Each structure stands twice: as structure tokens, then as C-alpha cells.
Amino acid sequence: MVSVEFLGPIEIPTMQLEIGSLAELGEILRTIDESKKWLEVSAIAINDTLVDSLDIELKDGDRICLLPPVCGG
Amino acid sequence: MVSVEFLGPIEIPTMQLEIGSLAELGEILRTIDESKKWLEVSAIAINDTLVDSLDIELKDGDRICLLPPVCGG
Amino acid sequence: MLEIYSGALDVESILSRWYRLSLRDNCGAFVPFVGSVRDENGISGLSFDLYEPLLKSWFARCSDRVEKEGATLCMAHSNGNVYLQESSFVCAIYSSKRKIALSMIAEFVEDFKTDAPIWKYDLIGKRRIYALERSTPLYGSGILS
Amino acid sequence: MLEIYSGALDVESILSRWYRLSLRDNCGAFVPFVGSVRDENGISGLSFDLYEPLLKSWFARCSDRVEKEGATLCMAHSNGNVYLQESSFVCAIYSSKRKIALSMIAEFVEDFKTDAPIWKYDLIGKRRIYALERSTPLYGSGILS
């Protein structure tokens, strides 16, 4: 089981999913209207580290975050 | 008559001189040990404007300043 | 040093405190940046969401880079609402001599704008509107699309 | 705005005052620089001579350049003695958006270092020693040699 958290302006509650890879997560989120529109502009952090590849295996307890475009200051 | 003022660390009292050009001023200051050593590193202002040429005629009442190297802050 | 406050920053006291740190550390140069909320586009203010775990690790990396040059980095940011003529962001770099602090501050502020996990909203009437068009995608964005 | 003070600057009150001006002028970016006296080379402090007429005309030209970019320049400097852990120089640029203030502050401080008619002395024991080796000749230097 991994948790998937949507940060900032993405108004989707945290999900608990039984998935083994980021590619699987993409498949699921592309089927949901609310999440689909954010995928192109959002970054992914696994356990608070940004990743740049789908070739990452997920372990039980991993925390995944979706981070939309930022603007501090 | 022009006045010649020595600024910052140059410890020479202000002079009143009957000269018509900066070139004449240079001739006088090169003969004085105290001023001679500052000439190479000092800038010249006439009436509070820095100049870069000796080809300037001086008028009665002009105020000349010698400004040694600076370091604010 | 990273400080997170709820609402507007007390800029004067933050600057005073960091300035005294720069003196205590025998630093000759102290260079802050203050970001305030301007009256524009009909907003009554801005609002911010922060993701603290990533903000802290990002800031630690920035701070390490600055410290490698013998300088010190400080930053304060607001969480929540900040109104017109209030300030939401202060940072400062101090160093022994002027060149390092002066050359690193602009670079840090630009890194902050593109990399800090902070989301900005315009407050207009009773609405809180995500400032998407002024925002920048983070590293790796789009891999799930 | 150019301010000259006898002795050390009250940095905290100067920064607070200028910061409030930046808010009043609806500016989103306020970028100061503070120069303080470090404990080094056995000095007990620094001392400064200023030539005000030329300092004012030099500052007015700098200020015009900054205002052409829509920004505002402020500067304060000490005259006379300034001791360890005190400050002798503060400047700030504020602008609507961050880029102009951030890009102009370093340039202004470098211009200041080479062009402002200010002379610096080390205070060591009871002596006031001109800092010739750290000083820069002004425009046109050497024409009388």
C-alpha cells in the first residue's frame, strides 16, 4: 500500500493504493478527470524526493506527492 | 586667483594661486615635496566636476580640488 | 536558517535580528531581499500553501551551497494570507566581504522562485484563485502524463 | 535619497524607514546592502572623510540611472569614526518587481566603491592610517603628474 497526496491547489483527498510502480499510478490518475488535467504540469516526489523517471519500484509505505507549478515570494 | 584644496588624507592647507591653467598648477605642485607624491594617484575637480585633461583655462574664482584614491563603505 | 510564519512577516524585526547575527559573526556585508504584496490586478492580498518537508530539504541544499562560499543564508516565508502592503518573503545572505553576498542573493531568489514548493493564490473578493500562469513547473514535471 | 551621519549608522531604523517607503510606493521588491566594520588587522574601527559636493552630484547621477528603470535608490554613509561591529554604509534599491532591484544593487555598490569621494582610514591604537592600498584612483587621476 502506498499513499498518494495532492499538494497545493489540487483538491483531491489523499489516496491509498495497492500499486507497484509509478507507471501504474499514471494509468490510474489518467482515468480520473480531476487528476488528469494536472499530470502534464505536476512533479512527483517519492518520500519527499523529486523524481524524473517512471522506472522506480514502489515499496509498501511509500509516500507519493503530486506537486503542481510553484510560485513563492 | 583660484583656490586649490587638498582632500582626504592630503595634509596640505588650501592654496590661493594666480594661475591660468591646470598645466601651471602641475608645475607648481611638482616642486613641492608634500604634494608631488600625490599627483600620480590624484584626480582633479574644477568647481566640483572631475576633469581628464590639462587643456582647460582657469577663471578667477575657480575652485580646484585634488582627490586621492577613494574607498567608501 | 528557515523560518515559516502564519500570515504576514514582521519584516523590521526579522531584518534587525539577522543583521545582528551578521555582526556577531564578524561579517562585513549583509544583503537582504524583501518581497511584499503590491496593489495590482484588483487583489486584496495573496495566499500561500507550503509543503514543509520538501521546502526544508530544498533550503538545506541552498544553505549548504552558500556556506561552502563562507557565507550564511537566512529565509522567512509566510503561510496563509498576506494582504496589500504586507510582506510574505524575506531572505538574506551575509558574508565577510561584499562580493559573495552580493553575487549570491539574486541567484538564490531566482532559485527560490522556480524551485521552492510554495503555491500562490490571488485573494479577490471572497475567492482564493491559484496563480497558475505565474507559476513554474518543478523538476521532472509531466512524467505521469 | 542620500543621508550622511556623524559616526555609526542606526541600521535598524534606517532599514525600517526605507522599507516603509517601499510599501508606500507599492513596490514589491526591497533590496538593501549593509556594510559593517569587521574585526581584522588589529583595527579598533574605521574612519571616513567625505567630500559632500561631489558625493551629492555623483549620487544624483546614480539615482537618475536607477529611476530611469522605475526603481528608487537610497543611501546612508558615516562621516568620522565607526567602531567594530558598527556599520558605516547602507544602501537600498526598491522596485515594483524583483528583477530590477536585484540586478542593480550589486552594480551600484561596485560603482560606489570606485567612484564615491570618500576616504577610509584604519583606526589602530591612537593612529588614523589612510587605507591607500585598498583605495581606487578616481576618474582622470594622474593628469597633473
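Values in this document were obtained by computation on a predicted structure and should not be read as measured data. Here is how names work: the chains are called A, B, and so on, in the same order as the sequence lines, proteins then strands, and each is numbered from 1.
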| message | Minimum heavy-atom separation for C:Ser36 and C:Ser87, please, with both atom names. | response |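 It is OG-OG, 2.7 Å.
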Chain A heavy atoms under 4.5 Å from [X]: which part of the residue, side chain, backbone, both or neither?
X: C:Thr114; answer: backbone
X: C:Tyr121; answer: side chain
X: C:Ser88; answer: side chain
X: C:Tyr139; answer: both

| task | Using heavy atoms and a sub-4.5 Å threshold, report which of residues 48-55 of chain A line up against chain C, by residue number. | result |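 Within residues 48-55 of chain A, the residues under 4.5 Å from chain C are A:Asp48, A:Thr49, A:Leu50, A:Val51, A:Asp52, A:Ser53, A:Leu54.
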| field | Per-residue contacts, residues 23-33 of chain A versus chain C, heavy atoms under 4.5 Å | value |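 If one takes a 4.5 Å heavy-atom cut-off, the residues of residues 23-33 of chain A near chain C are A:Leu25, A:Gly26, A:Leu29, A:Arg30.
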| task | Output the option from C:Phe48, C:Phe112, C:Tyr130 having the highest count of non-hydrogen pairs under 4.5 Å with chain A. | result |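 Counting heavy-atom pairs under 4.5 Å, the top option is C:Tyr130.
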Do [X] and [Y] sit within salt-bridge range, that is, some charged N less than 4.0 Å from a carboxylate O?
X: C:Arg20; Y: C:Asp25; result: no
X: C:Arg17; Y: C:Glu3; result: yes
X: C:Asp111; Y: C:Arg61; result: no

| Inter-residue atom distance A:Leu17.CG - A:Leu58.CG, 0.5 Å rounding |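 If we round to the nearest 0.5 Å, A:Leu17:CG and A:Leu58:CG are 10.0 Å apart.
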| task | Please report the C-alpha distance between A:Leu7 and A:Cys65 in whole Å, then the side-chain angles of each, then the deciding distance to 0.1 Å, and finally whether the side-chain contact (heavy atoms from CB on, under 4.5 Å) criterion is met. | result | CA-CA 7 Å; A:Leu7 298 179; A:Cys65 293; 3.9 Å; yes
| task | Determine whether more than 12 heavy atoms belonging to other residues, nucleotides or ligands lie under 6.0 Å from atom CD of A:Gln16. | result |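 Result for CD/A:Gln16: enclosed.
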| chain C interface, residue from A:Pro9, A:Ala43, A:Pro68 that has the most non-hydrogen pairs under 4.5 Å |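 Top count of heavy-atom pairs under 4.5 Å with chain C: A:Pro9.
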| With a 3.5 Å cut-off and no angle check, do the side chains of C:Tyr51 and C:Asp49 form a donor-acceptor pair? |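 There is no such pair between these side chains.
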| query | In terms of side-chain heavy atoms, does C:Arg128 have a donor or acceptor partner in C:Ser47 at a distance below 3.5 Å? | reply |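 Present: a donor and an acceptor within the cut-off.
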| Within-4.5 Å side-chain heavy-atom neighbours: C:Ile14 and C:Tyr5 |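 They are in side-chain contact.
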| said: Walk me through whether A:Ile64 and A:Leu22 qualify under side-chain contact (heavy atoms from CB on, under 4.5 Å). | reply: CA-CA 9 Å; A:Ile64 299 166; A:Leu22 280 185; 4.3 Å; yes
| said: Before you tell me yes or no, could you show the steps for C:Ile4 and C:Glu52 under side-chain contact (heavy atoms from CB on, under 4.5 Å), namely the whole-Å CA-CA distance, both residues' side-chain angles and the distance that decides it to 0.1 Å? | reply: CA-CA 9 Å; C:Ile4 295 166; C:Glu52 287 199 32; 3.6 Å; yes
